[in-house]
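Below you'll find the structure, written out as structure tokens, and then a few comments.
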Amino acid sequence: MSSRPTTSTSKRPIAAAQTGSTAGQLALDLPAVVPALPIEPEWKTQQRLWGHSFHPMCSYLASFPAGLTHAFIARYSRPGDVVLDPFSGRGTTPLQAAAEGRIGVGNDLNPFAHLLTAAKVEPATPPEARTRLASLRVGWAGQSADWLALAGRIQGDPAHGGPEPVPVEVAVAFHPRTFAQLLYVRATLRLENRVDRFLAAAITGILHGKSPTYLSELMPNTFSMAPRYVREYAARTDFRSPERDVFDCLSLKLDRLYRQPVPRTSGIALLGDARDAGERSRAALRARGLPDRARLVVTSPPYLRVVKYGYYNWLRTWFLGFDAATIDATLDDAHHREPYLEFLRQVLAGLRPALTDDAVVVLVVGDVETDRGRRLEGGIGLAERVWEDAAAPEGYHLAGVVLDAVHAHRKMTKLWGSEAGRATKTDRILVLGATETGRRRAVAGAASPVDWTWPQRGLRAL
């Protein structure tokens, strides 16, 4: 298991790349040791919100498009197969898998990411969500005076006005009545309940943004600005958020989420370390009487030193009762290359027992050029190093690499202006086989046509 495979593919020159195609042109940047896989990045030509309507439930930094996931699900899995993502983020892979009749399994160590994934793969039905929203309205009507008084005390003295300290940047973000409604909903929803969790996840997607559908206009919807900046900006401009009704905005959000039917196949969301995600996914699948090995893995390991998921979501984590600093300390993403490669080797080792013999593993690995404006050593050509130092030693077989240039105007970080897209300009999509059989299946299916109509005909009715 620890020996490096010596398949002919691992030394195939890139001259075999499709000359003149986008994939072929991009492949010229690859070292000769890594073969280019002839998969065109067709996901770039799809409409921005391609895929199931649950995908944009809440924005999430460093997430890949649903179309990318679909391209590999369509080529390398069949209905009923298990599709696993050990770094599920906001749940793009498991949701799209479930929407296409597969069994989507997502794992993440970030409790916010886990909540988003769980909300999407085990969602509330429209009647359940509407009924719960109606009960929240009734509860608010009977208790509003108390919550309005509490909100006033907290906004007057965030540190001591309530039963627990509230960050100043949270207190200044909302109109007093909106803030009171959020405090009520925050105290009422139970995240372990499937329906309540779905509503909570939906609310995280409307907490802040620049249109009347959001509860605060203090920040853009993509991510939370730095707390200190928010405090100083609010004080300097005497910011006052317009009044927004939480229940009305949530109702409109549900309308958007339920534009398409709830996927008929439910999935599994796991909270924990990616290094033992394979073992835990098998246990969870067996507990439901489902096949316990994944035929496809589509995932994007955290990039080197790029995103602080707690820091950039502090308002959402406050609403959910999570601590942003604890999330970032737990995730510990500040890896340099060598520790990062060792971490990925452990992840891939843990996945092996959870894969079928013909499984295909797709790793979206970003070349990271800069870290907060400073050039980062060891961030270029990372996919090749992942293959050589993490995947090959664990017995995986190399099918090839697909290059996907990341344009700044398509990134969520486009709001950072001149810095947009500078950290990661190229995603190298490393495609592996769990065995030689998996490698051959990956190569054979690379040129298979993909149906980009959505919803697909067989998925359009409950």
Open item on the list: According to salt bridge (charged side-chain N to carboxylate O under 4.0 Å, His left out), does anything in residues 53-64 pair up with another residue at least two apart or in another chain? List the pairs.
Closed with: none
Open item on the list: Is the shortest side-chain heavy-atom distance between Val297 and Val362 below 4.5 Å?
Closed with: no
Open item on the list: Between Asp108 and Gly89 (side chain of the first, backbone of the second, donor and acceptor by atom type, cut-off under 3.5 Å), is there such a pair?
Closed with: yes
Open item on the list: Taking Ser53's backbone N and O only, do any of them form a donor-acceptor pair with Arg256's side chain (distance below 3.5 Å, no angle check)?
Closed with: no
Task: Cation over ring face, Arg316 and Phe223, 6.0 Å, 45° - done: no
Task: Sequence-distant partners of Glu192, salt bridge (charged side-chain N to carboxylate O under 4.0 Å, His left out), two or more places apart - done: none
Open item on the list: Can you pull out every side-chain hydrogen bond (donor to acceptor under 3.5 Å, both in side chains) where at least one residue sits in residues 170-180? Sequence neighbours excluded, please.
Closed with: none
Task: Qualifying residues under ring-ring contact (aromatic ring centres under 6.0 Å, His included), relative to Trp318, sequence neighbours excluded - done: none
TODO: Verify, without hydrogens or angle tests, whether Gln346 (side chain) and Arg275 (backbone) share a donor-acceptor contact under 3.5 angstrom.
DONE: no
Task: Side-chain donor/acceptor of Lys253 to backbone N/O of Ile206, under 3.5 Å - done: no
Task: Donor-acceptor pair, side chain of Ser281 and main chain of Ala277, under 3.5 angstrom - done: yes
Task: Under 3.5 Å: donor-acceptor pair, side chain of Thr131, backbone of Glu128 - done: no
- [ ] Indicate whether the side chain of Trp454 and that of Gln260 have a donor and an acceptor atom separated by less than 3.5 Å.
- [x] yes
Open item on the list: Given 3.5 Å as the limit, does a donor-acceptor pair link the side chain of Arg352 with the main chain of Ala434, or not?
Closed with: yes
Open item on the list: So, using salt bridge (charged side-chain N to carboxylate O under 4.0 Å, His left out) as the criterion, who are the partners of Arg190 when residues are at least two apart?
Closed with: none
- [ ] For the residue pair Asn107 and Ser88, confirm or rule out a side-chain donor-acceptor distance under 3.5 Å.
- [x] no
- [ ] Return the orientation label for the Trp50 and Trp452 ring planes: parallel under 30°, perpendicular over 60°, tilted otherwise.
- [x] perpendicular
Task: Nearest heavy-atom neighbours spanning Pro176 and Leu148 - done: O-CD2, 4.4 Å
Task: With sequence neighbours excluded, residues passing side-chain hydrogen bond (donor to acceptor under 3.5 Å, both in side chains) with Arg282 - done: Asp292
Task: Taking every non-hydrogen atom, the tightest pair across Trp314 and Ser224 - done: NE1-CB, 3.2 Å
Open item on the list: For Val298 versus Asp85, what's the shortest heavy-atom pair and its separation?
Closed with: O-CG, 3.2 Å
Task: With Asp248 via side-chain hydrogen bond (donor to acceptor under 3.5 Å, both in side chains) - residues at least two apart - done: Arg137
TODO: Could you tell me which residues satisfy salt bridge (charged side-chain N to carboxylate O under 4.0 Å, His left out) with Glu42, sequence neighbours excluded, listed by chain and number?
DONE: Arg75
- [ ] Give a yes or no on whether the backbone of Gly106 and the side-chain of Thr117 come within a donor-acceptor separation of less than 3.5 Å.
- [x] no
TODO: Tell me, please, which residues at least two apart from Ser77 pass side-chain hydrogen bond (donor to acceptor under 3.5 Å, both in side chains).
DONE: Arg102
Open item on the list: Any side-chain to backbone donor/acceptor pair from Asp328 onto Gly310? Under 3.5 Å, distance only.
Closed with: yes
Task: Residues that Asp255 engages under salt bridge (charged side-chain N to carboxylate O under 4.0 Å, His left out), provided they are two or more places apart - done: Arg130
Task: For Tyr311 against Ala226, the heavy-atom pair lying closest together - done: OH-CB, 3.1 Å
TODO: Could you check if a side-chain atom of Leu133 sits within less than 4.5 angstrom of a side-chain atom of Phe247, using non-hydrogen atoms only?
DONE: yes
Task: Test side-chain hydrogen bond (donor to acceptor under 3.5 Å, both in side chains) applied to Trp140 - qualifying residues, sequence neighbours left out - done: none
- [ ] Identify the heavy atoms of Leu344 and Pro301 that sit nearest to each other, and give their distance.
- [x] CD2-CB, 3.6 Å
- [ ] Take Thr204 and Phe112 through the test side-chain contact (heavy atoms from CB on, under 4.5 Å) and record every step on the way to the result.
- [x] CA-CA 10 Å; Thr204 64; Phe112 175 44; 4.1 Å; yes
TODO: If the plane angle is over 60° it's perpendicular, under 30° parallel, otherwise tilted; pick one for Trp147 and Tyr184.
DONE: perpendicular
Task: Side chains of His52 and Gln96, donor plus acceptor under 3.5 Å - done: no
TODO: Output yes when a side-chain donor or acceptor of Thr69 lies under 3.5 Å from a complementary backbone atom of Thr92, and no otherwise.
DONE: no
TODO: Please collect all ring-ring contact (aromatic ring centres under 6.0 Å, His included) contacts where either partner lies in residues 186-212, sequence neighbours excluded, each pair once.
DONE: Phe54-Phe198, Phe198-Tyr258
Open item on the list: Take a 6.0 Å sphere around CD of Gln143 and say whether it holds more than 12 heavy atoms from other residues, nucleotides or ligands.
Closed with: yes
Open item on the list: If you count every heavy atom of other residues, nucleotides or ligands that lies below 6.0 Å from Arg78 atom CZ, does the total exceed 12?
Closed with: no
